[in-house]
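The structure appears right after this line, and notes come after that.
Positions are given from 1 along the sequence.
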Amino acid sequence: MTKVVIVGSGPSAVHCALSALEQGASVTVVDVGTAPPDPVQPGTPFDDLKDKLEDPVAYFLGEQGQGVVYPDGAGSYYGHPPSKQYVFDVPPSFTPRLHAMEPVFSFARGGLAGAWTAGSYLWTDADLQGFPFDLTSLQPFYQTIATRIGLSGEDDDLSPYLPLTVPHQPAQELDPHSASLLDRYQAKRSRLHRDGFFLGRSRVATLSRPLGDRSECTNLGRCLWGCPIGALYHPAVTLADCHRHDGFRYLPGHYVTHVDIDTRGTVAAAVATNLQDGTATRIEGDTFVLAAGALNSSKIYLESWHR
């Protein structure tokens, strides 16, 4: 049985893991894996939380107002609610040196997908120019992922640019503002097309119909704080599917620093620091996948060759 070792637990990692498990491999996912907080009152709409929570200010803005982006020149343009802080927390041993850039790192269970807005768009042949594969060769894999995560959308004026060539559920119910905007667009559609303007529905990984153990979106209005009912896809959904396989092992709390490379130039093991006791752990395998994000994966790769 092939032993696959995967570093990270973001979308690429968990879908790689599940595909390998379905093909009969044993899979170990090594991850820092900072876990999200438990959902607060999962069935309560956004507006009702203001009255039902004991301390709504702390939930929405944070104990020290850390969820507020203040209007000054030094702060970040990107803010997030306190419930999403786990996505951006880094291990104490991780100390990047920055100059003229502000990269975003995530060591969370599910990676940066814990803070995404569910937009899911297929690449086109134009996007893939220069790559050794085209859209046709990717299509079977798009089909698999779309079936797993649950996409919703509508065949509309955006289809030539954002095609819906994979399984999808009906589009989400529109809020009154969006419905009014789309109605006005339809009334001026021909003129807007002449000007090169096209409008349509988002293609999102949010359920409009139940899928497996997940329920459909009920318009709670809590997407930014984290969908409490699982309608908006999170890699934890696929991680749970991996746990249903006997050959799967998940190792959270481990920070991979490098891989060991033998004299043949072959990777023999991933080396990780146990964040609880500081000990080093070697995770051996036959196939190794770096899926810890572009910057973190690059760091592991370069550190490995440097050693």
Side-chain angles (χ1 to χ4, degrees), residues 2 4 6-25 27 29 31 106 108-173 198-217 223 227 230-245 248 287-294 297:
T2 302
V4 179
I6 300 173
V7 181
S9 65
S12 297
V14 295
H15 285 285
C16 177
L18 184 56
S19 295
L21 289 164
E22 291 174 346
Q23 294 177 31
V27 175
V29 168
D31 192 24
S106 179
R109 189 169 305 177
L112 280 173
W116 78 325
T117 54
S120 300
Y121 306 99
L122 280 70
W123 282 346
T124 65
D125 281 325
D127 296 326
L128 297 171
Q129 284 185 3
F131 283 83
F133 47 80
D134 56 17
L135 182 60
T136 301
S137 61
L138 286 180
Q139 198 64 28
F141 308 105
Y142 273 137
Q143 297 270 346
T144 298
I145 302 302
T147 301
R148 288 176 182 172
I149 70 178
L151 297 179
S152 60
E154 187 173 287
D155 193 11
D156 54 23
D157 289 346
L158 294 183
S159 294
Y161 312 98
L162 303 171
L164 281 171
T165 55
V166 295
H168 63 279
Q169 298 183 346
Q172 301 293 308
E173 178 185 347
F198 300 85
L199 186 67
R201 303 294 301 274
S202 297
R203 281 80 164 120
V204 289
T206 305
L207 302 181
S208 60
R209 300 288 186 272
L211 178 66
D213 298 332
R214 298 162 59 203
S215 64
E216 74 278 13
C217 175
C223 311
C227 179
L232 191 157
Y233 175 77
H234 187 283
V237 171
T238 306
L239 192 63
D241 290 337
C242 291
H243 277 289
R244 296 187 175 98
H245 291 259
F248 181 67
T287 299
F288 294 82
V289 179
L290 291 182
S297 294

Completion exercise
Output for pair (Leu122 CG, Leu162 CG), nearest 0.5 Å, gives 9.0 Å

Handout entry: Residues which pass ring pair (Phe, Tyr, Trp, His ring centres under 6.0 Å) with Tyr142, listed by chain and number, not counting sequence neighbours
Key = none

Fill in the blank from the handout: One should read off an interatomic distance between Ser120 OG and Leu164 CG, to the nearest 0.5 angstrom, of 10.5 Å

Completion exercise
Ser19 meets the side chain to side chain donor-acceptor pair (under 3.5 Å) criterion, sequence neighbours left out, with Arg148

Problem - Listed partners of Arg214 passing salt bridge (Lys or Arg N to Asp or Glu O under 4.0 Å), at least two apart - result: none

Exercise for the section: Compute whether any side-chain donor of one residue and acceptor of the other, for Thr124 and Asp127, lie under 3.5 angstrom apart. Expected result: yes

Exercise for the section: Indicate yes or no: at least one non-hydrogen side-chain atom of Leu239 is less than 4.5 angstrom from one of His234. Expected result: no

Exercise for the section: Determine yes or no for a side-chain-to-main-chain donor-acceptor pair under 3.5 angstrom, with Arg109 supplying the side chain and Gly10 the backbone. Expected result: no

Handout entry: Minimum heavy-atom distance between His168 and Gly153, given as atom pair plus value
Key = CD2-O, 3.5 Å

Completion exercise
Between Pro11 and Gly110 the two heavy atoms that sit nearest each other are CD-O, 3.9 Å

Completion exercise
All heavy atoms of Thr147 vs all of Pro167, minimum pair found to be OG1-CG, 3.8 Å

Practice task
Kindly give the heavy-atom pair with the smallest separation between Leu207 and Ser215, and that separation in Å.
Solution key: CD1-O, 3.7 Å

Practice task
Please step through side-chain contact (heavy atoms from CB on, under 4.5 Å) for the pair Gln143 and Thr165, ending with a clear verdict.
Solution key: CA-CA 8 Å; Gln143 297 270 346; Thr165 55; 5.7 Å; no

Problem - Distance in Å, Ser202 OG paired with Asp156 CG, rounded so as to fall on 0.5 Å steps - result: 9.5 Å

Practice task
Taking Asp134 for its side chain and Asp125 for its backbone only, find out whether a donor-acceptor pair lies under 3.5 Å.
Solution key: no

Practice task
Return yes if some donor-acceptor pair links the side-chain N/O of Arg209 with the main-chain N/O of Gly150 below 3.5 Å, else return no.
Solution key: no

Completion exercise
Sequence neighbours excluded, the answer for ring pair (Phe, Tyr, Trp, His ring centres under 6.0 Å) partners of Phe131 is Phe133

Exercise for the section: Mind checking the CG-SG spacing from Leu232 to Cys227? Nearest 0.5 Å is all I need. Expected result: 5.5 Å

Handout entry: Side-chain heavy-atom pair Leu138, Leu128 within 4.5 angstrom cut-off
Key = yes

Problem - Glu154 side chain vs Gln172 backbone, donor-acceptor pair below 3.5 Å - result: no

Problem - Donor-acceptor pair, side chain of Ser152 and main chain of Thr206, under 3.5 angstrom - result: yes

Practice task
First locate atom OG1 of Thr144, then atom NE2 of His15, and finally report the distance between them rounded to the nearest 0.5 Å.
Solution key: 10.0 Å

Exercise for the section: Please report the shortest heavy-atom distance between Ser208 and Gln169, naming the atom on each side. Expected result: N-OE1, 2.8 Å

Handout entry: Shortest non-hydrogen contact between Ala291 and Ile6, atoms and distance
Key = CB-CG2, 4.3 Å

Exercise for the section: Please tell me if the side chains of Phe288 and Val7 come closer than 4.5 Å, counting only heavy atoms from C-beta onward. Expected result: no

Exercise for the section: Output every pair passing ring-ring contact (aromatic ring centres under 6.0 Å, His included) with a member in residues 109-128, not counting sequence neighbours, ordered by first then second residue. Expected result: none

Practice task
Applying salt bridge (Lys or Arg N to Asp or Glu O under 4.0 Å), name anything that partners Asp213, two or more places apart in sequence or on another chain.
Solution key: Arg244

Practice task
Evaluate the ring planes of Tyr161 and Phe198, with Trp represented by its six-membered ring, and classify them as parallel (under 30°), tilted (30 to 60°) or perpendicular (over 60°).
Solution key: tilted

Problem - Polar side-chain atom of Glu173 near backbone of Cys217 as donor-acceptor pair, under 3.5 Å - result: no

Fill in the blank from the handout: Between the CZ atom in Phe248 and the CG atom in Asp241, the distance rounded to the nearest 0.5 Å is 10.5 Å

